[in-house]
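Beneath this line is the structure, given in structure tokens, with notes to follow.
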Amino acid sequence: MSKYLVLIYEDEASYATADAETLNGVLADHMAFIADNKDAVLSGEPLMPTTTATSIREGVVTDGAFAETKEALGGYYLIEAPDIDAALAVAKQVPARFGGVEVRPVMVFEQP
Amino acid sequence: MSTTAGEPQDVPAAPAAGGAVGAAAASRGSLAGLGGDQRAIAAASAVLPADSPREDAAATDPRAAATDSPGEDAAATDPRAVAQAVAEAHRREWALVLAATARVAGDLDLAEECVQDAYAKALTAWAECGIPRRPAAWLTTAARNRALDVLRRDVALRKRLPLLLDELPDPVAEIPDERLRLIFTCCHPALALEAQVALTLRLLCGLTTGEVARAFLVSEATMAARITRAKKKIAAARIPYRVPDTEELPERIEAVLAVVDLVFTTGHTAPAGPELVRTDLVDRARDLARMLRVLLPGDAGVAGLLAFILLTDARRAARVDAQGRLVLLEDQDRALWDRDAIAEGRRLVREALRRRPPTRYALMAAIAAVHADAATWEATDWPEIVGLYDLLLRYRPSPVAALNRAVAIGFAEGDGYGPERGLEALDGLALEPRLAGYAYLAVARADMLRRLGRRAAARAAYEEALLFTDNDVEGDFLRSRLQKLDGNS
């Protein structure tokens with residue numbers, strides 16, 4: 001089995017302007033996703049918006065996200081899957097109605 | 001896998017245990033004598049016998065001579081005949097041999113090295129012991145033996161095993177046809193399309209990195225980096241060496257067809273360069289489509305794509321004149337069209353169209369078949385072609401299909417047809433961003449305007465088309481059209 005990180009990139013403005021019903025819908029989607037994929041999902045967290053981000057580059061602290069993009073990292077799931085096809089099958093179900101997801105294999109280090 | 005008695009006849013000896021240095025290094029060494037890549041083997045008939053790797057003969061177990069009966073050809077040991085047999089096996093069997101070896105090697109790079117080594121070894125072994133009756137089986141066994149030998153000795157490599165196998169192959173069983181696994185790995189949607197194409201040409205067609213680079217007009221270093229990156233992703237992201245499940249199969253076959261279609265399209269009208277057609281790419285695309293047809297005989301998309309390639313390429317001999325100038329479909333000598341290819345394509349179209357809804361390639365092939373059926377340009381059933389494009393647009397909307405539909409409207413006669421209507425349809429595509437810089441939109445407009453006698457506008461459109469054309473033959477054609485316009489004004 002391999003681990004993959006599913007990074008959720010979405011348009012933050014859409015969340016900022018969404019009504020309560022929409023936000024509740026998103027939350028319900030995530031709950032359903034986790035319930036449907038409980039064997040594959042190892043962990044996952046939503047993030048506060050990039051307006052709350054602080055970046056540090058060469059020791060210099062600045063306000064804001066590391067890279068300014070329209071669609072920002074807004075949360076992640078760490079999943080486990082036998083191969084990329086299985087990982088993509090899970091990742092396709094991750095709710096991301098205002099954007100999409102990126103799937104990255106987690107690096108494995110050989111045991112000496 | 002062993003060399004004990006009772007093995008099938010067409011089996012080379014396993015590499016002699018012990019004696020040789022690291023097999024991977026040895027394979028590089030033996031290949032160096034051939035110019036370092038398998039392209040030399042494909043062209044071996046030109047270099048043999050002077051450059052045949054004599055040092056490799058020592059690695060050939062003499063027992064092979066006893067068990068491997070020569071073919072019926074009395075000239076089997078003639079170096080020229082051997083070189084030809086090896087070159088032919090390279091062309092026909094490369095994918096089969098590599099796919100079967102990859103499963104044992106568990107690593108595409110190691111598999112490639114072992115297969116190259118097997119082809120190099122065949123040059124000497126076949127010269128001494130005769131050409132085996134089943135060259136693919138001989139080559140596969142040689143390559144798999146080499147791979148197993150390397151893995152036995154190189155523990156570090158065995159631990160690396162990046163290729164993801166669902167089950168370990170049974171070394172004793174008949175070697176199965178593993179090409180589908182290789183195809184679906186090369187054409188995995190997690191790889192960039194350009195990487196899929198490069199891997200397909202490299203691993204399934206056996207082209208060298210240099211050849212693939214030349215086909216797509218990039219430097220060899222760029223192409224090498226692209227292929228290396230793709231192979232690394234296959235290992236790191238764990239792209240499985242497997243035929244997809246029934247559920248995802250249609251989508252995955254579509255991705256494979258897109259790769260073959262891209263190879264064909266790139267060859268059919270080369271995006272740039274002195275020649276209109278890149279014959280090598282067209283032939284590779286047709287070979288790939290034929291391979292898919294054998295492996296996926298029931299798939300309507302595969303049948304449609306092969307039909308499309310056959311019917312379109314059937315016109316090859318008529319597409320340029322003796323001076324290498326472009327000849328439009330309108331002016332082509334239809335007697336030069338390849339009737340056998342057309343007949344085969346037509347049979348495949350009929351089969352492909354039975355699937356509902358029809359696949360994109362079946363419809364494209366059906367359109368090509370309408371042209372093939374017309375004895376003359378004037379006899380072309382344009383309304384039928386417009387109808388087929390309508391279907392194509394319904395199932396697979398694309399701006400290029402819309403453009404071709406507009407052209408067909410321009411050529412058809414009667415109510416709702418003709419150049420005026422065609423031009424209207426083209427104007428509707430003027431703001432389509434995916435057609436920005438697409439030479440054929442400007443060419444189609446220019447032609448429609450020319451036929452309507454609107455010379456100034458036609459001239460501007462031809463000049464615009466020239467800006468977007470890098471193919472010399474097409475460029476010359478457009479310039480000749482401009483000259484004709486000027487002559488008439």
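All values below come from the heavy atoms of this structure, side chains included, with hydrogens, waters and symmetry mates left out. A note on names: the letters A, B, ... follow the listed sequences, proteins ahead of strands, and every chain is numbered from 1.
Annotation: the span from A/Met1 atom CE to B/Arg238 atom CZ amounts to 9.5 Å, rounded to 0.5 Å.
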Test side chain to side chain contact (heavy atoms under 4.5 Å, CB included) applied to A/Leu88 and B/Glu248, step by step: CA-CA 12 Å; A/Leu88 294 178; B/Glu248 38 175 350; over 6 Å; no
Evaluation steps, salt bridge (charged side-chain N to carboxylate O under 4.0 Å, His left out), between B/Arg242 and A/Asp85: CA-CA 10 Å; B/Arg242 178 181 72 206; A/Asp85 288 347; 3.3 Å; yes
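Looking at every heavy atom in both residues, B/Ala237 comes nearest to A/Pro105 through CA-CG, 3.6 Å. Contact record, B/Ile239 with A/Ile84: CA-CG2, 3.4 Å, taken as the closest heavy-atom pair.
Heavy-atom contacts from other residues, nucleotides or ligands closer than 6.0 Å to CZ of A/Arg104 number 12 or fewer.
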